[in-house]
Amino acid sequence: MQVHDVDLRLLRIFVTIVESGGLSAAESRLNIGRSTISTHLSDLEIRLGLTLCKRGRSGFELTDAGRITYQASLELLQQCETFASTVAGSKHHLSGRVTIAIIDTLVSDPRCGVAQAIAALKDKSNNLQFDIHVCEAREVETSVANGRALVGIGVSRHHIRGLNYEPLHLETNYLYCGHGHPLFDCDAKDINTLLAQAEVITSNYMRDKEIRNDGLNYQHSASAYHDEGIAHLILSGKFIGYLPEHYASYWVEKGLFQAIRPEKYHYQIPVVLITSKTNATSPLAQATIKTIKACHSG
C-alpha cells in the first residue's frame with residue numbers, strides 16, 4: 001500500500017492505543033472519544049486489510065498482525081521524524097518532536113537540567129513539540145531502543161545493545177522509615193533488633209537484595225515500580241525502603257521520614273543519558289543531547 005498523510009495519522013493513533021493499553025485508556029492522551037478512536041482503528045484495519053487487535057469484554061489484545069504492525073509503525077514514524085528534523089536542519093532550523101523518557105522524581109533533583117534544556121531548545125526554535133514520558137527505569141531504555149523516545153534519562157543495571165549511556169550525575173539513595181514505624185526515633189541499642197524484623201520494600205532500581213547485599217529482611221510483602229509508590233509504603237509506617245535523598249528530603253523536613261543508619265545503609269547509582277546509536281545523528285537529536293548535557297550539573 002502507498003502511505004498517505006491519513007495513514008500516518010491513523011498509525012500514530014494505533015501506536016497510542018497500544019502504548020495506553022486499550023481504547024479507553026487512550027482517550028485522555030488523544031483527547032478524542034472512544035467511539036471516534038474505535039472508528040479510526042477500524043479505518044486503519046480496512047486500509048491494511050488486517051485485524052490488528054481483539055477488543056471487547058475480555059479486554060484489549062493485539063493480534064500477531066497487530067504486533068508486527070505496531071513495531072513497523074514505530075520504525076516508520078521514527079523515520080518520518082528523522083526525515084523532518086534532518087531537512088529542517090539543512091535549513092539551520094530545528095523542527096520536530098522532542099520526546100524524552102525519564103524516571104520519576106528527578107524533578108526534585110536540583111542537578112537535573114531537563115526543565116532548563118526544554119527552555120533552551122524552545123528559545124532556539126518555535127517549531128518543536130515536547131513530549132515527556134515518565135516511566136519505569138527499564139521502560140526508559142526500551143522507549144529509546146524502539147524509537148518512541150528521542151532520548152532517555154534514567155538508571156540502568158544491564159545495558160541494552162544499540163544504546164549509548166552517558167553518566168550525568170550520581171544519585172544517593174538512603175534507607176528510610178516513616179513516622180509510626182518502630183525504627184522511627186528508637187533507641188540506638190534497639191536498631192539492629194528492629195532492623196532484623198523490619199520488612200523492606202522491593203524497588204524497581206535494585207530489585208534483588210544480592211546486588212545491595214545489605215543483609216536486610218526482604219520478604220517481598222511490599223513492592224513498587226516508582227519512587228512515589230515506595231514513599232506511600234514508607235508513609236504507612238509499616239515498611240522501610242530506599243529512596244533518593246533529594247526526593248525523600250521533603251518528608252524528612254516535615255518530620256515524617258527518618259534515614260536509618262545512613263553511614264551504612266545507602267547506595268549510589270548513576271543517572272544516565274540514554275540515546276540510540278542509530279537515531280542520534282539527526283540535527284534534532286544532536287541538539288537535544290548537547291543541550292541536556294550542558295544543562296545538567298553533576
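Worth knowing before you read on, the calculation uses all heavy atoms, side chains too, and leaves out hydrogens, waters and symmetry mates.
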- Candidate pair I260 and Y242, rule side chain to side chain contact (heavy atoms under 4.5 Å, CB included), full reasoning: CA-CA 10 Å; I260 306 168; Y242 287 91; over 6 Å; no
- Query: Passes side chain to side chain contact (heavy atoms under 4.5 Å, CB included), S38 versus R55? Steps please.
  - Reply: CA-CA 10 Å; S38 180; R55 49 196 190 272; 4.2 Å; yes
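- You'll find the side chain of V144 reaches within 4.5 Å of the side chain of L163, heavy atoms only.
- Between the side chain of S249 and the main chain of V252, no donor-acceptor pair closer than 3.5 Å is present.
- Residues I68 and L77 do not share a hydrophobic cluster, clusters being chains of Ile/Leu/Val/Met/Phe/Trp/Tyr side chains in contact below 4.5 Å.
- By the 4.5 Å heavy-atom criterion applied to side chains, L11 and L44 are counted as neighbours.
- Of all heavy-atom pairs between S20 and A25, the closest is O-CB, 3.3 Å.
- Side chain of H226 to backbone of E228: no donor-acceptor contact under 3.5 angstrom is found.
- With contacts defined as side-chain heavy-atom distances shorter than 4.5 Å, the pair S73/F14 qualifies.
- With a 4.5 Å cut-off on side-chain heavy atoms, I103 and C135 do not count as touching.
- Checking side-chain atoms of D214 against main-chain N and O of L216 turns up a donor-acceptor pair under 3.5 Å.
- Ionic pairing of E45 and R47 is not present here: no N-O contact between side-chain nitrogen and carboxylate oxygen is shorter than 4.0 angstrom.
- Within the 4.5 Å cutoff, the side chain of R138 has heavy atoms near those of the I160 side chain.
- Hydrophobic clustering keeps I230 apart from V107 (ILVMFWY residues linked when any side-chain heavy atoms are closer than 4.5 Å, directly or through intermediates).
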With a 3.5 Å cut-off and sequence neighbours excluded, list the donor-acceptor pairs that the side chains of residues 113-123 form with protein atoms.
none

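- Taking 4.5 Å as the limit, some side-chain heavy atom of I13 sits within range of a side-chain heavy atom of L30.
- To the nearest 0.5 Å, the span separating CD1 on I17 from CZ on F60 amounts to 6.5 Å.
- Using cut-offs of 30° and 60° for the angle between ring planes, the H179 and F184 rings count as perpendicular.
- Residues F239 and S221 form a side-chain contact, since some pair of their non-hydrogen atoms from C-beta on lies under 4.5 Å apart.
- Ring planes of H296 and H169: parallel class, angle under 30° (limits at 30 and 60°).
- By the 4.5 Å heavy-atom criterion applied to side chains, K293 and L273 are counted as neighbours.
- The pair E19-R148 meets the salt-bridge criterion, with a side-chain N (NZ, NE, NH1 or NH2) lying under 4.0 Å from an Asp/Glu carboxylate O.
- Under the 3.5 Å distance criterion, the side-chain polar atoms of D104 are left unmatched by any main-chain donor or acceptor of V134.
- Side-chain N or O atoms of E199 include none that pairs as donor or acceptor with a backbone N or O of I240 at under 3.5 Å.
- E171 contributes no side-chain N or O that, together with a main-chain N or O of V271, makes up a donor-acceptor pair within less than 3.5 Å.
- When all heavy atoms of H246 and T105 are compared, the closest pair comes out as CE1-O, 3.2 Å.
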